Amino acid sequence: MVRLADLKSGQRFLDVGTGTGGIALEALRRDSNIKVTAVDFTLKMIQVARQGKDGDKISWLQADGQNLPFKEVSFDVVTSGYLIRNVSDPVQAFREQTRVTAPGGKVICLDTAPPPDNFLKPFILLYLKIMIPFLGRLVAGDKNAYDYLQESTRAFKSPEELQKIMTDAGLEKVSHKRLMFGTQVVLKGSRPRDKQA
Ligand SMILES: C[S@@+](CC[C@H](N)C(=O)[O-])C[C@H]1O[C@@H](n2cnc3c(N)ncnc32)[C@H](O)[C@@H]1O
């Protein structure tokens with residue numbers, strides 16, 4: 001996802017719903033000359049994220065991704081990883097990401113996708129239903145959280161639906177690529193050059 005962002009030195013990068021900061025820290029690792037800002041509305045997540053390598057070089061903020069505390073045109077690239085499945089109004093979340101992005105800038109989203117209709121589907125469904133809760137219990141000691149994860153993955157929007165949501169929010173040239181046997185999707189769009197958000 002960070003590779004897709006194709007960041008250039010000096011660019012302003014925002015990660016929304018940053019969690020423990022994996023995407024923001026990776027962006028900075030790839031180019032230490034970019035200006036990285038990351039927001040999440042859960043304070044505890046940000047406290048952990050701050051402790052990552054070079055975490056002190058990132059501006060961490062507690063904020064709602066559906067009402068970002070930035071002026072219009074504040075960033076060149078805006079990303080979100082596994083945020084959209086959690087927000088109450090995905091169009092509003094992308095509208096905000098579009099508003100704070102510079103004309104011609106990129107908005108990139110990574111999320112889960114329901115498995116595509118092919119011969120792998122029954123195996124993927126079995127993996128989601130049995131293996132994910134099992135691993136959740138084994139590694140994190142929390143089966144319920146991982147039950148939620150697999151249920152919401154199966155019920156989540158298709159990449160085509162997400163693509164339409166991003167377009168409805170004002171982005172253009174929106175495209176997507178499925179990853180990991182089609183169970184993950186990365187979507188990319190840009191803010192039109194001549195559009196006011
Ligand atoms: C599944 S985690 C993903 C974290 C990280 N992006 C990653 O890929 O590892 C989703 C994160 O989104 C945050 N979140 C959910 N709704 C949000 C909102 N409306 N505004 C900001 N953050 C939100 C949660 O606190 C959580 O840290």
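Indexing begins at 1, ligand by ligand and atom by atom, following the structure's order. As the structure is a computational prediction, the values presented were derived from the model and not from experiment. By convention here, the first residue in the shown sequence is residue 1.
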Checklist entry - Relative to ligand 1, is S80 under 4.0 angstrom through side chain, backbone, both or neither, heavy atoms considered? => result neither

Checklist entry - How many angstroms lie between CZ in F13 and OG1 in T37, if you round to the nearest 0.5 Å? => result 9.5 Å

Checklist entry - What protein heavy atom sits nearest atom 22 (N) of ligand 1, and how far off is it? => result F41 N, 3.3 Å

Checklist entry - Does atom 20 (N) of ligand 1 have a protein non-hydrogen atom under 4.0 Å from it? => result yes

Item to check | is_close_aromatic(F70, F75), centroid dist under 6.0 Å | outcome: yes

Next on the checklist: Counting non-hydrogen protein atoms only, what is the nearest one to atom 7 (C) of ligand 1? Give residue, atom name and distance.
Outcome noted: G81 O, 4.0 Å

Item to check | Check ion pair E160-K164 (N to O, under 4.0 angstrom) | outcome: no

Item to check | ligand 1-proximal atoms of T18, by part, heavy-atom distance under 4.0 Å | outcome: backbone

Checklist outcome for this item: Counting from 1 in the order shown, the ligand 1 atoms closer than 4.0 Å to a non-hydrogen atom of A63 are 20 (N), 21 (C)

Checklist entry - Is the closest N or O pair between T42 and ligand 1 shorter than 3.5 Å? => result yes

Checklist entry - At a 4.0 Å threshold, what atoms of ligand 1 neighbour a non-hydrogen atom of D64? => result 18 (C), 19 (N), 20 (N)

Item to check | Shortest heavy-atom approach to atom 24 (C) of ligand 1 - which of D89, D40, L61 | outcome: D40

Checklist entry - Is E96 reaching over with its side chain to a backbone N or O of A93, donor-acceptor style, under 3.5 angstrom? => result no

Checklist outcome for this item: For Y82, the ligand 1 atoms with a heavy-atom partner under 4.0 Å come out as 1 (C), 8 (O), 10 (C)

Checklist entry - Is V39 linked to L25 within one hydrophobic cluster, defined over Ile, Leu, Val, Met, Phe, Trp and Tyr using a side-chain heavy-atom separation of less than 4.5 Å? => result no

Item to check | Enumerated ligand 1 atoms positioned under 4.0 Å from heavy atoms of G19 | outcome: 4 (C), 27 (O)

Checklist entry - Is there a nitrogen or oxygen of G65 sitting under 3.5 Å from a nitrogen or oxygen of ligand 1? => result yes

Next on the checklist: For Q97, run the side-chain contact (heavy atoms from CB on, under 4.5 Å) check against T79, L83, L171 and tell me which one passes.
Outcome noted: L83

Item to check | ILVMFWY network linking L68 to V91, side-chain heavy atoms under 4.5 angstrom | outcome: yes

Next on the checklist: Assess whether a salt bridge exists between R193 and E172, defined as any Lys/Arg side-chain N lying under 4.0 Å from an Asp/Glu carboxylate O.
Outcome noted: no

Next on the checklist: Same cluster or not: Y82 versus I23, using hydrophobic residues (I, L, V, M, F, W, Y) connected whenever any side-chain heavy atoms lie under 4.5 Å apart?
Outcome noted: yes

Next on the checklist: With heavy-atom distances below 4.0 Å as the criterion, list the atoms of ligand 1 near L83.
Outcome noted: 12 (O), 14 (N), 15 (C), 16 (N), 17 (C), 22 (N), 23 (C)

Item to check | Taking atom 4 (C) of ligand 1 as the reference point, the nearest protein heavy atom with its distance | outcome: G17 O, 3.5 Å

